[in-house]
Amino acid sequence: MNRNLLTMALLICGLSVNGQKKIDYVDPLIGTNGMGHTFPGACVPHGLVQLSPDTDTIPHNINGTYQPRVYEYCAGYQHRDSSIVGFSHTHFNGTGHSDLGDILIMPVTGDIKFNPGTAENPDSGYRSRFSHATEKAWPGYYSVMLEDYGVKAELTATERVGIHRYTFPKGDGHILLDLKHGIYNYDGKVLWANLRVENDTLLTGYRITNGWARVNYTYFAITFSKPIRGYGYKEMKPMLYNGMWRKFDIYRNFPEIGGRNVVAYFDFDLSDGTPLEVKVALSPVSASGALNNLRIETAGKNFGQLCAQAGQKWEDALSVIDVKGDYDQVCNIYSSMYHTMINPSVYMDHDGSYRGLDQEIHQADQFTNYTVFSVWDTYRALHPLFNLFYPSRSKDIVASFLAHYRQRVHGLLPIWSHMANENWCMIGYHGASVIADAYVKGIPMDEKLALEAVPVLMDELGQVDLLIGRSLAPLCHGVAQLGGCVGDGADGRLTGAASRNAAVAVHSGHSGVAAHPDDEVVVALSAGVEIGFGPGVVGRDLQLHLAHFQLKVRRLSQKRRRSLCGGSRQKQPAQHKRRCKPCDLIHRVALPSFG
């Protein structure tokens, strides 16, 4: 890594770099080729909607046989591709498995095709060729020219609404709504989709999928800036049972559409040359909730106003730091910051209602409910970053973790959770580390419930072995002086009465313990539990009393203490110097105090 980048000064709440906006240094296309698993489309910080192009339709499996190339499309987009299938409204950012790609829209002209076609033969379906020369992407905005249709596509977003602006050639045009499309798709993933044509500018509906999220409900409301002239749909596979619906011509201008493989189309008169604006609101709760989200977030605002609003939200979010360096260095930092604020995502309606892990509808009590918790990826760095720079967001994330714990039949914090489903990906109980670090940083929480949730795996040794996949050995990587302490009482209660400079162990898989010079230590267990204990030093012979959540320790000699990461740095063995280096970097950043 460039030496200048390592020593770059990060000043809290600074001015913009050289008079330019922070968003001018963000490149959403970074990571979109190969295995970066990022997408270039439009979103706002931590929004439910990530509106972005999908460039292929590689399935997860065919008749149960895994298709390895699907891994390239975790975010739906590959920069090397030359055609776009359409624009869907939900995407993961940077994950190593996938799901979502809900509610795909594609503007087309000419004869309607119901199949997306293939990358090798785009003319076989409704996809369109495109060129990167016409592609533009910055925070909150994406645009591209769809060459096969002569349509300029522009995208922006609010937290719960994706906004499209399509400039068609003069004449007739169509909007395709593909309710069978998905990322990591497979035959049978859509359990049911429903679509209602409420009037000539409003659609409502939902779809239920069975993917990485075992049961994912996505409700939507869609409005058009021009009236629909006609519409219809095709069920891409024969329905085995139609009941008395067969007495109607349900495939043309019939206002209630349902099926498992639905592709619908809507016709528009575009002869006046003005763009067609499409607004798509999502809800985890109901179509009426989606419609309310649509009205609150976009009523009376056009595409340009909403795009400017999205850009300002990103500017505000990125302005917690000021970066000095050359363009590449500054772009690297701000683009990385940008990617940290896509997930987790808001997962509730404006009225506070959300779908819980028990699939019941709950009301958030003075917090914003979030989803997409890839905790084994994020507990080391992302959540500590939020604690320092965005403490109010951390407060809501912790509350979401604890709501998750209350609603799960297993009574656990998130392992890897999204869209009101635990997907059980990876080992470990890293949510405990998130809770403990937030407490150390002074993030408000329900302390009694937090203590109940953190050691929950300790009650059943069989569950520990199953989920953790390793013994309860101490782990150490480095020590940062942060303030506050977890569990200074003998029974591990969250009393917060420890010394001013408690130590927080940063997990990385190394054996050992962290000893602070002031005799306050935190032992990081592989189960993800962090416990403050002092005065005294934790030795290698560590025992954990599972029933009472207590630590038994043995004092080490002063000489042994100095050999541990965090002790005296004058005579450290070489193997410890490398492990402590991240601590040196941390201390170069000026961190705010949050009480």
- Query: Is a donor on one side and an acceptor on the other found under 3.5 Å between the side chain of Thr32 and the backbone of Leu29?
  - Reply: yes
- Task: Please check if the side chain of Thr298 supplies one atom and the backbone of Lys301 the other of a donor-acceptor pair under 3.5 Å.
- Result: no
- Task: Report the C-alpha distance between Trp416 and His430 in whole Å, list the side-chain angles of each, state the deciding distance to 0.1 Å, and finish with yes or no for ring pair (Phe, Tyr, Trp, His ring centres under 6.0 Å).
- Result: CA-CA 10 Å; Trp416 208 131; His430 306 100; over 10 Å; no
- For Arg408, check salt bridge (charged side-chain N to carboxylate O under 4.0 Å, His left out) against everything at least two apart and list the hits. Glu422
- Task: Could you tell me whether the side chain of Glu315 and the main chain of Ile23 form a donor-acceptor pair under 3.5 Å?
- Result: yes
- Sorted by chain and number, sequence neighbours left out, side chain to side chain donor-acceptor pair (under 3.5 Å) with Lys313 holds for Glu159
For residues 59-67, which side-chain donor-acceptor pairs fall under 3.5 Å, sequence neighbours excluded?
unit_1 : atom_1 : unit_2 : atom_2 : d
Asn61  : OD1    : Gly64  : N      : 3.1
Gln67  : NE2    : Thr65  : O      : 2.9

- Query: Ignoring hydrogens and geometry, is there a side-chain-to-backbone donor-acceptor pair from His46 to Pro344 under 3.5 Å?
  - Reply: yes
- Chi angles and distances behind the salt bridge (Lys or Arg N to Asp or Glu O under 4.0 Å) call for Asp358, Arg406: CA-CA 9 Å; Asp358 53 7; Arg406 286 195 305 267; over 6 Å; no
- Name all residues meeting the salt bridge (charged side-chain N to carboxylate O under 4.0 Å, His left out) criterion together with Lys136; count only those two or more places apart in sequence or in a different chain, and write none if there are none. none
- Please report the shortest heavy-atom distance between Gln407 and Leu357, naming the atom on each side. OE1-N, 3.0 Å
- If you look at every heavy atom in Glu297 and His350, which pair is closest and at what distance? OE2-NE2, 2.8 Å
- Task: For the residue pair Phe224 and Phe266, categorise the inter-ring angle as parallel (less than 30°), tilted (30 to 60°) or perpendicular (more than 60°).
- Result: tilted
- Message: How close do Tyr219 and Ala287 get, counting heavy atoms only, and between which atoms?
- Response: CD2-N, 3.4 Å
Enumerate, atom names and distances included, each donor-acceptor pair closer than 3.5 Å involving a side-chain atom of residues 81-88, sequence neighbours excluded.
unit_1 : atom_1 : unit_2 : atom_2 : d
Asp81  : OD1    : Tyr73  : OH     : 3.3
Asp81  : OD2    : Thr55  : OG1    : 2.8
Asp81  : OD2    : Tyr73  : OH     : 2.8
Ser83  : OG     : Arg127 : NH1    : 3.0
Ser88  : OG     : Asp54  : OD2    : 2.6
Ser88  : OG     : His91  : NE2    : 3.1

- Message: Cation-pi check for Tyr217 against Arg355: NZ or CZ below 6.0 Å from the six-membered ring centre and within 45 degrees of the axis, yes or no?
- Response: yes
- Taking only residues two or more places apart in sequence or in another chain, which ones pass salt bridge (charged side-chain N to carboxylate O under 4.0 Å, His left out) with Lys395? none
